[in-house]
Protein chains: 2
Amino acid sequence: MLTLATLANPHRLRVVAVLAGGRKYVSQLAREMGISRALLQVHLKKLEAAGLVSAQMEISPDGKAMKFYEVTPFAVHLTPESIAAVVPEMTGTDTARGRDEKGTV
Amino acid sequence: MLTLATLANPHRLRVVAVLAGGRKYVSQLAREMGISRALLQVHLKKLEAAGLVSAQMEISPDGKAMKFYEVTPFAVHLTPESIAAVVPEMTGTDTARGRDEKGTV
DNA sequence: AGCACATGCAAAGATAAGTTAGCAGGTGCT
DNA sequence: AGCACCTGCTAACTTATCTTTGCATGTGCT
């Protein structure tokens, strides 16, 4: 769920695509993607929260603090069966209320 | 994208899970899941739009019109590479603006 | 000091998505 | 006729998500 919701966004999908080509620091990434740094940061935060990317803070030789991001090598397989296997399917009662983390689907 | 966005919802995930166990008509499904028919219909419509489920309208032996839904046997594989392969990554310009259908990821 | 570049955060505004409530239509059975 | 089922739609509301704007911090170079 978290993974799916996170990937269900054009910007974040692009971030993953770009980072798949190698690590980048946020300002660099923002320029490359043509979006504002603030916006990118929000998306990076979500991607990180979902465990799809990870970051390392580094100090460049000229003293600038730079945060490098890279993709986590994830692999998600979606089929009706895999979903049925993960979703708790208690027939009658309300269940989907207030639950939002699944992490495995 | 469409597929991901559609699956990124607890209700719709549950619908897929339940339908993976066999076809159901909407009122039956609503009861079984403990949600309102109106709500279910909205989600079914989205699932259908994404091609994840399909419907057949049938007339039961006692004359009632019933709409049966069943899952489409889809299979989506998500990895950084598969995403990078699909996402058009024109570096600089604004690209993610206003596009939302992808259909393939 | 002033400029260029790096990070980080949050309030506020704009959009999109989810949900409910209420109405419409139809069939069959008592 | 009245009730129990079935479908379908939408207007209005609530909630979540996305995006912008603006400010604060720090470094190095001229």
Side-chain angles (χ1 to χ4, degrees), chain A residues 1-15 23-50 53-69 94-101, chain B residues 1-16 23-50 52-70 94-102:
Chain A
M1 256 307 313
L2 216 189
T3 304
L4 290 179
T6 303
L7 255 10
N9 174 292
H11 285 332
R12 292 195 286 267
L13 225 38
R14 289 221 301 147
V15 169
R23 44 182 274 158
K24 301 257 164 58
Y25 63 93
V26 354
S27 285
Q28 177 188 18
L29 228 193
R31 278 191 298 263
E32 202 161 303
M33 294 181 57
I35 66 178
S36 76
R37 197 171 49 81
L39 178 55
L40 176 58
Q41 273 177 329
V42 173
H43 288 309
L44 282 172
K45 207 167 285 180
K46 293 201 175 183
L47 283 165
E48 189 170 17
V53 305
S54 63
Q56 303 86 40
M57 189 57 142
E58 296 178 15
I59 307 294
S60 68
D62 52 310
K64 305 285 179 56
M66 298 160 112
K67 194 167 188 181
F68 281 87
Y69 275 92
D94 57 345
T95 306
R97 293 221 190 299
R99 197 207 291 72
D100 232 25
E101 321 299 295
Chain B
M1 256 306 317
L2 217 188
T3 304
L4 291 178
T6 303
L7 256 9
N9 174 293
H11 285 331
R12 293 195 286 267
L13 227 37
R14 288 221 303 145
V15 169
V16 170
R23 42 181 277 159
K24 302 256 162 62
Y25 62 93
V26 353
S27 285
Q28 178 188 16
L29 226 194
R31 278 191 300 264
E32 201 161 302
M33 293 181 57
I35 65 177
S36 76
R37 196 171 49 82
L39 178 54
L40 176 58
Q41 274 177 330
V42 173
H43 289 308
L44 282 173
K45 207 166 286 183
K46 294 201 176 184
L47 283 165
E48 189 171 16
L52 299 172
V53 306
S54 62
Q56 303 85 40
M57 189 56 143
E58 294 179 16
I59 307 296
S60 68
D62 54 311
K64 305 284 179 58
M66 298 162 110
K67 193 167 190 182
F68 282 87
Y69 275 92
E70 63 185 337
D94 56 342
T95 304
R97 294 221 190 301
R99 197 206 292 68
D100 232 26
E101 323 299 293
K102 199 75 88 255

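Naming: A, B, ... by sequence-line order, numbering from 1 per chain. Below, all heavy atoms of this structure are taken into account, side chains as well, without hydrogens, waters or symmetry copies.
Of the candidate nucleotides C:dG18, C:dT19, C:dT7, C:dT19 has the atom nearest to the side chain of B:His11. Looking at the side chain of A:Ser27, the nearest of the listed nucleotides C:dT19, C:dT7, D:dC18 is C:dT7. For A:Gln41, the side-chain atoms get nearest to C:dG8 when compared with the rest of D:dG8, C:dG8, D:dC6. You'll find that the side chain of B:Met57 is closest to D:dG8, out of C:dA6, D:dG8, D:dC6. For A:Arg31, whose side chain is taken as the heavy atoms from C-beta onward, the closest listed nucleotide among D:dC6, C:dC5, D:dC18 is C:dC5. Out of C:dG8, D:dT19, D:dG8, the shortest distance to the side chain of B:Lys67 is found at D:dG8.
Along DNA chain C, the nucleotide nearest B:Ala8 and the nucleotide nearest A:Ala65 are compared for position; the residue whose nucleotide lies closer to the 5' end is A:Ala65.
Note: A:Leu44 CG to A:Tyr69 OH = 5.0 Å, rounded to the nearest 0.5 Å. With rounding to the nearest 0.5 Å, the separation of CG in A:Leu4 from CG in B:Leu7 is 6.0 Å. Taking CG of B:Leu39 as the start and NE2 of B:His11 as the end, the distance is 5.0 Å to the nearest 0.5 Å.
Residue A:Lys45 places none of its side-chain N or O atoms closer than 4.0 Å to OP1 or OP2 of C:dG8. Neither OP1 nor OP2 of C:dA17 sits under 4.0 Å from any side-chain N or O of B:Asn9.
Distance, B:Leu2 CG to C:dA16 C1': 14 Å, rounded to whole Å. Between the CE atom of A:Met33 and the P atom of D:dC18 there is a distance of 13 Å, rounded to whole Å. Atom pair B:Gln56:CD and D:dT7:P shows a separation of 13 Å (rounding to whole Å applied). The interatomic distance linking B:His43 (NE2) with C:dG18 (P) rounds to 6 Å, in whole Å. What separates CG of B:Leu44 from P of C:dG18 is a distance of 13 Å, to the nearest Å. As a whole-Å value, the separation of A:Leu39 CG from C:dC9 C1' is 15 Å. Between B:Ile59 atom CD1 and C:dG28 atom C1' there is a gap of 13 Å when expressed in whole angstrom units. The OH-P distance, from B:Tyr25 to C:dT27, rounds to 18 Å in whole Å.
If you run salt bridge (charged side-chain N to carboxylate O under 4.0 Å, His left out) between A:Glu58 and each of A:Arg23, A:Lys64, A:Lys67, only A:Arg23 comes through.
Here B:Ala38 lies in heavy-atom contact (under 4.0 Å) with a base. Contacts of A:Lys64 with the nucleic acid, taken as non-hydrogen atoms under 4.0 Å apart, include base atoms.
Contact annotation: side chain of A:Arg37 to base of C:dG8, donor-acceptor pair present below 3.5 Å.
The backbone N or O of A:His43 sits nowhere less than 3.5 Å from a side-chain atom of A:Arg12 that would complete a donor-acceptor pair.
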